[in-house]
Trainee: 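What follows is a structure written as structure tokens; I'll ask about it next.
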Amino acid sequence: MASNSSESRASAEVPAPYGSGPAQPAPAAERKPAKVRIHHLQQAKRDGTRFAMLTAYEQYTAEIFDAAGIEVLLVGDSASNNVFGNETSLPVTVDELLPLCRAVARTAQRALVVADLPFGSYEVSAEQAVATGVRFLKEGLAHAVKIEGGAYYAPTVRAMVQAGVPVMAHIGFTPQSEHALGGYRVQGRGDDAQRLIDDAVALAGAGAFCVLMEMVPAETAAAVDAAVDVPTVGIGAGKETTGQVLVWQDMAGLRGGRMAKFVKQYADLRSTLLDAATQYGNDVRTGQFPGPEHSF
Ligand code: KIV
């Protein structure tokens, strides 16, 4: 996604000390990259360009993905089953996610940082959702939050947006509702497609800046994308959405076990780390590490 040039210029300028005249451009080495803003994602939808989103839960992956130009970093509630060792995304709490979010937001120089509101932290009322959203922006330093659910949550989204909390809506398969939905199942097939279109229209109408769709037939996702002005993001939703998202441990092959059909693995970090740890263990046991070059 091309970055907005006036934004680039603005962020390349260092504010001058009071009374010292016009701002001077910072030396190139000190310039921070222009931040990805919500309006850039909206521009991508208008221009027909695409952006990439990955989950991140700590500083090194945030730094690497940011440097790779990934436009949006999601501090997903998938931390539950990719960081905290739970089986599903349901048990993770606000207090567990907030420090992860803070680490990602402190590290990312350019990417837009979106945080998931975990299960149980927004469903009770619009007030609860506003309060939790504010915590993620204030304590987690997130730039926006994501909530799962359809048209029913439109009033909640409206209240959050009015309170100054930008919201990404997550529809289709919503992992927090895994038990209610009867497991990991594709949503929006056949006649059910209209339900997802209605969800997206209601949530975008309430002020959601983006609609994320998970495990939705490509044709349905394309119809949803065409029905709303806001950008869309897909995970297992075909290629007609404005953006794509993957859980980074799936994308980079860190997680073992069966992968969902929608995952493409771009690396095999699991084997790389297994080899490294095995060699290290062997070196320690055989006295080959540390060598003289590692000793004082
Ligand atoms: O938490 C997460 O990783 C997500 C993605 C599956 C979109 O919500």
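Read the numbers this way: they start at 1 and go in the same order the structure lists the ligands and their atoms.
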Trainee: Among residues at least two apart in sequence or on other chains, which ones pass side chain to side chain contact (heavy atoms under 4.5 Å, CB included) with Gln43?
Mentor: Arg46, Asp47
Trainee: Give a yes or no on whether Glu139 atom CD has more than 12 heavy-atom contacts from other residues, nucleotides or ligands under 6.0 Å away.
Mentor: yes
Trainee: According to salt bridge (Lys or Arg N to Asp or Glu O under 4.0 Å), who are the partners of Asp192, at least two apart in sequence or on a separate chain?
Mentor: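 For Asp192 the salt bridge (Lys or Arg N to Asp or Glu O under 4.0 Å) partners, ignoring immediate neighbours, are Arg195.
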Trainee: Could you list the residues that satisfy side chain to side chain donor-acceptor pair (under 3.5 Å) with Glu58, not counting sequence neighbours?
Mentor: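 Testing Glu58 for side chain to side chain donor-acceptor pair (under 3.5 Å), a comparison that skips the adjacent residues, returns Thr61.
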Trainee: Do Lys138 side-chain atoms and Gly133 backbone N/O form a donor-acceptor pair below 3.5 Å?
Mentor: no
Trainee: Between ligand 1 and the protein, find all N/O pairs closer than 3.5 Å and give the distance for each.
Mentor:
{"residue": "ligand 1", "atom": "1 (O)", "partner": "Asp77", "partner atom": "N", "Å": "3.2"}
{"residue": "ligand 1", "atom": "1 (O)", "partner": "Asp77", "partner atom": "OD1", "Å": "2.9"}
{"residue": "ligand 1", "atom": "1 (O)", "partner": "Ser78", "partner atom": "N", "Å": "3.1"}
{"residue": "ligand 1", "atom": "1 (O)", "partner": "Ser78", "partner atom": "OG", "Å": "3.1"}
{"residue": "ligand 1", "atom": "1 (O)", "partner": "Asp116", "partner atom": "OD2", "Å": "2.9"}
{"residue": "ligand 1", "atom": "3 (O)", "partner": "Ser78", "partner atom": "OG", "Å": "2.5"}
{"residue": "ligand 1", "atom": "8 (O)", "partner": "Asp116", "partner atom": "OD2", "Å": "3.4"}
{"residue": "ligand 1", "atom": "8 (O)", "partner": "Lys146", "partner atom": "NZ", "Å": "2.8"}

Trainee: If Ile, Leu, Val, Met, Phe, Trp and Tyr residues are connected whenever their side-chain heavy atoms lie under 4.5 Å apart, and connections chain through other members, are Tyr57 and Leu141 in the same group?
Mentor: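 No, Tyr57 does not connect to Leu141 through the hydrophobic network.
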